[in-house]
2 protein chains.
Amino acid sequence: METTEMDQIRSRLEDHGYRLTPQRMRIVEAVLAEEDKHLSADDIYTILRENHPEIGIATVYRTLEILRELGIVNQLTFEEGVSRYEYSAREHHHHLVCLKCGKVIEFSNDELERLEQKLARKYDFQIVGHHLKLYGYCSLCQ
Amino acid sequence: METTEMDQIRSRLEDHGYRLTPQRMRIVEAVLAEEDKHLSADDIYTILRENHPEIGIATVYRTLEILRELGIVNQLTFEEGVSRYEYSAREHHHHLVCLKCGKVIEFSNDELERLEQKLARKYDFQIVGHHLKLYGYCSLCQ
DNA sequence: TTCCTTATTGATAACGATTCTCAATTTCAT
DNA sequence: ATGAAATTGAGAATCGTTATCAATAAGGAA
Ligand SMILES: [Mn+2]
Ligand SMILES: [Mn+2]
Ligand SMILES: [Zn+2]
Ligand SMILES: [Zn+2]
């Protein structure tokens, strides 16, 4: 039998004493369904509302916090005062953000891994991650 | 006569129809005095409180917003849900942040300017800035 | 100076995102 | 089925930030 992403996430949760409740499953589904988007808690709440109006916003926040703790999602912010989340089992990447319309383009860059190691040595830091954000105006907004 | 930083900032403000009021001057002074720190609005408010208890927190926020608009300070966030500010007339740099104690180390990297241009061409973006943040644990916290 | 227009201020209310509280419900191992 | 522990939804609370507004300050013209 194959192991689906949801199975892996279930194990991950249970290994840490958490249960994969129906509500949590719906939230994970929403994140997986919009893999390349960067959904906020409220975005997810709004999406779920359609078919599952009984789920509360507090549960969405609580679940995202657990998913983040377990490294299942990355929490990021594009300086709008809202946290956004993306499924973490994707190629590591960075973001190019339009300051006018908020459009986000993803890109990769290998060189930063080397820089990370160099700085770890230099400053005696144990580095666990990095994120490069570029700001500007997209073709439509400039 | 020499042109001080404050003079330059005054011109900058007046060119845009803003006045350099005593309150604004106190706030700019605080930012300049702690050049390499990353002060929040509340940090500044607390500092000013000692000698200028009449300044309101709203004025601090308003002033920082103007300084940001004019490019006199950079607004940044280390994902604690608070905006922090630094005097922008410094060498362009990036940040290494300790996830435990919040310690911030600054570092520079020239290569990113080239990357910026490459991406600008590739995605037809007019890039106005970028910021690299590395996360980890400092020597004391790891 | 005096007058007038406009900018700025401090206090405080309002806001929006997030977290907390708590009683009710669900889950899971027994 | 039973009971302990986890989870839930609703709503209150929190916290950083922004908006409102009447009072004050600033700067230019007379
Ligand atoms: Mn992304
Ligand atoms: Mn800095
Ligand atoms: Zn755009
Ligand atoms: Zn530390």
Side-chain angles (χ1 to χ4, degrees), chain A residues 6 9-30 38-70 72-73 75-85 102, chain B residues 6 9-30 38-70 72-73 75-85 102:
Chain A
M6 193 60 80
I9 291 172
R10 159 171 275 122
S11 313
R12 196 70 185 276
L13 284 167
E14 292 178 347
D15 286 352
H16 289 262
Y18 295 120
R19 296 168 182 169
L20 182 54
T21 64
Q23 290 92 332
R24 287 176 181 167
M25 211 179 297
R26 300 292 87 74
I27 292 165
V28 169
E29 281 166 2
H38 303 92
L39 302 177
S40 66
D42 199 66
D43 288 342
I44 294 171
Y45 179 61
T46 303
I47 291 171
L48 296 185
R49 220 163 208 207
E50 272 184 63
N51 300 305
H52 306 280
E54 71 283 359
I55 296 182
I57 184 89
T59 297
V60 176
Y61 276 105
R62 281 187 292 238
T63 300
L64 288 170
E65 163 57 19
I66 292 170
L67 296 176
R68 187 200 57 72
E69 178 200 341
L70 303 186
I72 294 165
V73 299
Q75 180 178 28
L76 22 116
T77 165
F78 298 122
E79 345 280 277
E80 339 128 274
V82 209
S83 282
R84 298 190 167 275
Y85 300 84
Chain B
M6 193 61 80
I9 291 172
R10 159 171 274 123
S11 312
R12 197 69 184 275
L13 285 167
E14 292 178 348
D15 285 352
H16 290 262
Y18 296 119
R19 297 167 182 170
L20 181 54
T21 64
Q23 290 92 333
R24 286 177 182 165
M25 211 179 297
R26 300 293 88 72
I27 293 166
V28 169
E29 281 166 2
H38 303 92
L39 302 178
S40 66
D42 198 66
D43 289 342
I44 294 170
Y45 179 60
T46 303
I47 291 171
L48 295 185
R49 227 175 202 193
E50 273 183 62
N51 300 306
H52 307 278
E54 72 284 358
I55 295 183
I57 183 88
T59 298
V60 176
Y61 276 105
R62 282 187 291 237
T63 300
L64 288 170
E65 163 57 18
I66 291 170
L67 296 176
R68 187 201 57 72
E69 177 199 343
L70 302 187
I72 294 165
V73 299
Q75 180 178 29
L76 21 116
T77 165
F78 299 121
E79 346 279 279
E80 339 127 274
V82 209
S83 283
R84 297 190 167 275
Y85 300 84

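Every chain is numbered from 1, with letters handed out A, B, ... down the list of sequences.
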(request) Considering only NZ, NE, NH1 and NH2 on the basic side and carboxylate oxygens on the acidic side, decide whether A:Glu29 and A:Arg26 come within less than 4.0 Å. (result) yes

To the nearest Å, give me how far apart [atom1] ([X]) and [atom2] ([N]) are.
X       : N      : atom1 : atom2 : answer
B:Arg26 : C:dG10 : CZ    : P     : 12 Å
B:Arg24 : C:dG10 : CZ    : P     : 10 Å
A:Asp43 : C:dT18 : CG    : P     : 10 Å
A:Gln23 : D:dT8  : CD    : P     : 5 Å
A:Leu20 : D:dA6  : CG    : P     : 17 Å
B:Glu80 : C:dT19 : CD    : P     : 14 Å
A:Ile57 : C:dG16 : CD1   : C1'   : 11 Å
A:Met25 : D:dT8  : CE    : P     : 11 Å

(request) Take A:Asp43 and A:Ser40 through the test side chain to side chain donor-acceptor pair (under 3.5 Å) and record every step on the way to the result. (result) CA-CA 5 Å; A:Asp43 288 342; A:Ser40 66; 3.2 Å; yes

(message) As a test of reading the structure: which of D:dT18, C:dT18, C:dT9 is closest to the side chain of A:Tyr61, going by heavy atoms?
(response) C:dT18

(request) Decide yes or no on side chain to side chain donor-acceptor pair (under 3.5 Å) for B:Thr59 and B:Arg62, but give the supporting numbers first. (result) CA-CA 5 Å; B:Thr59 298; B:Arg62 282 187 291 237; 3.3 Å; yes

Looking across every strand, which nucleic acid part, if any, lies under 4.0 Å from [X] by heavy atom: base, sugar-phosphate, or nothing?
X       : value
A:Glu65 : nothing
A:Ile55 : sugar-phosphate
A:Ser83 : sugar-phosphate
B:Arg62 : base

(request) Check whether the side chain of A:Arg19 and the base of D:dT7 form a donor-acceptor pair under 3.5 Å. (result) no

(request) For the pair A:Arg24 (side chain) and A:Thr63 (backbone), establish whether a donor and an acceptor sit closer than 3.5 Å, ignoring hydrogens and angles. (result) no

(message) What's the angle between the local helix axes at either end of the helix from C:dT1-D:dA30 to C:dT30-D:dA1, using five pairs per end and rounding to 10 degrees?
(response) 30°

(request) Please figure out whether B:Val82 or B:Pro22 has its closest DNA chain D nucleotide nearer the 5' end. (result) B:Val82

